[in-house]
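Below is one structure; the comments refer to it alone.
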Amino acid sequence: LMCSCGSGGGLVQVGGSLRLACTASGNIDSLNGIWYRQVSGKQREFVAGITAGGSTSYEDFAEGRFTISRDNSKNTVYLQMNNLNVEDTANYLCNVAGISGRAHVAYWGKGTQVTVSS
């Protein structure tokens with residue numbers, strides 16, 4: 001299900017930082033999330049993920065520069081991006097999921113554009 005929960009993108013210079021946020025509505029337990037990115041004309045690419053237990057994973061290009069985290073009380077998954085470079089320019093997409101009541105739910109963010117310039 002689509003949601004308007006992806007935010008935090010913008011224009012930044014090389015070496016700068018951005019913090020993306022993906023917030024799901026409702027009361028969600030066992031919150032987990034994944035950030036992807038996509039450049040027009042190319043396939044979607046995994047960036048980082050966080051499990052309900054708090055374990056994180058990153059693609060090689062993100063390791064050491066990006067940090068994925070969550071705030072369960074706010075139903076929000078964050079992606080802190082530091083030391084950005086031009087190659088990070090893309091539309092960043094989030095997916096948040098968990099348990100609402102007795103059902104599993106999942107939401108896709110609207111996407112937020114990150115543009116890195118020299």
Side-chain angles (χ1 to χ4, degrees):
L1 185 66
M2 293 294 298
C3 68
S4 299
C5 53
S7 63
L11 177 64
V12 65
Q13 288 187 306
V14 171
S17 299
L18 287 172
R19 190 188 191 192
L20 310 183
C22 190
T23 301
S25 62
N27 184 18
I28 301 178
D29 298 320
S30 301
L31 185 68
N32 62 88
I34 301 174
W35 283 96
Y36 303 89
R37 68 185 187 185
Q38 186 171 29
V39 178
S40 61
K42 298 181 179 179
Q43 64 182 353
R44 189 173 59 203
E45 182 180 33
F46 174 81
V47 177
I50 186 168
T51 70
S55 298
T56 59
S57 60
Y58 301 92
E59 281 292 338
D60 289 342
F61 65 80
E63 187 70 46
R65 297 190 300 127
F66 296 179
T67 302
I68 187 169
S69 62
R70 66 179 180 178
D71 186 333
N72 291 326
S73 66
K74 297 180 179 179
N75 290 332
T76 300
V77 176
Y78 301 96
L79 183 67
Q80 178 68 46
M81 304 187 295
N82 299 324
N83 300 317
L84 288 163
N85 54 57
V86 174
E87 290 73 26
D88 294 318
T89 295
N91 187 37
Y92 283 73
L93 306 162
C94 64
N95 177 74
V96 293
I99 301 174
S100 179
R102 302 183 187 276
H104 287 85
V105 295
Y107 297 91
W108 280 102
K110 62 181 180 180
T112 183
Q113 179 67 36
V114 171
T115 302
V116 185
S117 63
S118 177

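This structure is a prediction, so every number in the text was calculated from the model and none was measured.
- Rounding to the nearest 0.5 Å gives a distance of 14.0 Å between NZ of K42 and CG of N91.
- Rounding to the nearest 0.5 Å gives a distance of 12.5 Å between CG of L79 and CD1 of I34.
- No single ILVMFWY cluster, assembled from side-chain heavy atoms under 4.5 Å apart, contains both Y78 and F46.
- I28 is listed as a side-chain neighbour of Y107, based on a closest heavy-atom distance under 4.5 Å.
- From L20, atom CG reaches atom CH2 of W35 across 4.5 Å, with rounding to the nearest 0.5 Å.
- Linking Ile, Leu, Val, Met, Phe, Trp and Tyr whenever their side-chain heavy atoms come within less than 4.5 Å puts V47 and V12 in one cluster.
- For G8 against L18, the heavy-atom pair with the smallest separation is O-CD2, 3.7 Å.
- V96 and V105 fall within a single hydrophobic cluster, where Ile, Leu, Val, Met, Phe, Trp and Tyr are joined by side-chain heavy atoms under 4.5 Å apart, directly or via other members.
- Taking CZ from F66 and CG from L84, the interatomic distance works out to 5.5 Å, rounded to the nearest 0.5 Å.
- Put simply, the side chain of N85 gets close to the backbone of D88: a donor and an acceptor are under 3.5 Å apart.
- Put simply, the side chain of T89 gets close to the backbone of V116: a donor and an acceptor are under 3.5 Å apart.
- Nearest heavy-atom pair, G101 versus I99, reported as atom, atom and distance to 0.1 Å: O-CG2, 3.4 Å.
- Between Q38 and L93 the shortest heavy-atom distance is OE1-CD1, 4.0 Å.
- Under the 4.5 Å side-chain heavy-atom criterion for grouping Ile, Leu, Val, Met, Phe, Trp and Tyr, L11 is not connected to M81 through any hydrophobic cluster.
- Atoms CZ and OG1, on R37 and T112 in that order, are 14.0 Å from each other to the nearest 0.5 Å.
- Donor-acceptor pairing under 3.5 Å is lacking for the side chains of N32 and T51.
- Checking side-chain atoms of R70 against main-chain N and O of L31 turns up a donor-acceptor pair under 3.5 Å.
- In the hydrophobic clustering of ILVMFWY residues, with side-chain heavy atoms under 4.5 Å counting as a link, V114 and V86 come out together.
- Between atom CD1 of residue I68 and atom CD of residue Q80 there is a gap of 12.0 Å, rounded to the nearest 0.5 Å.
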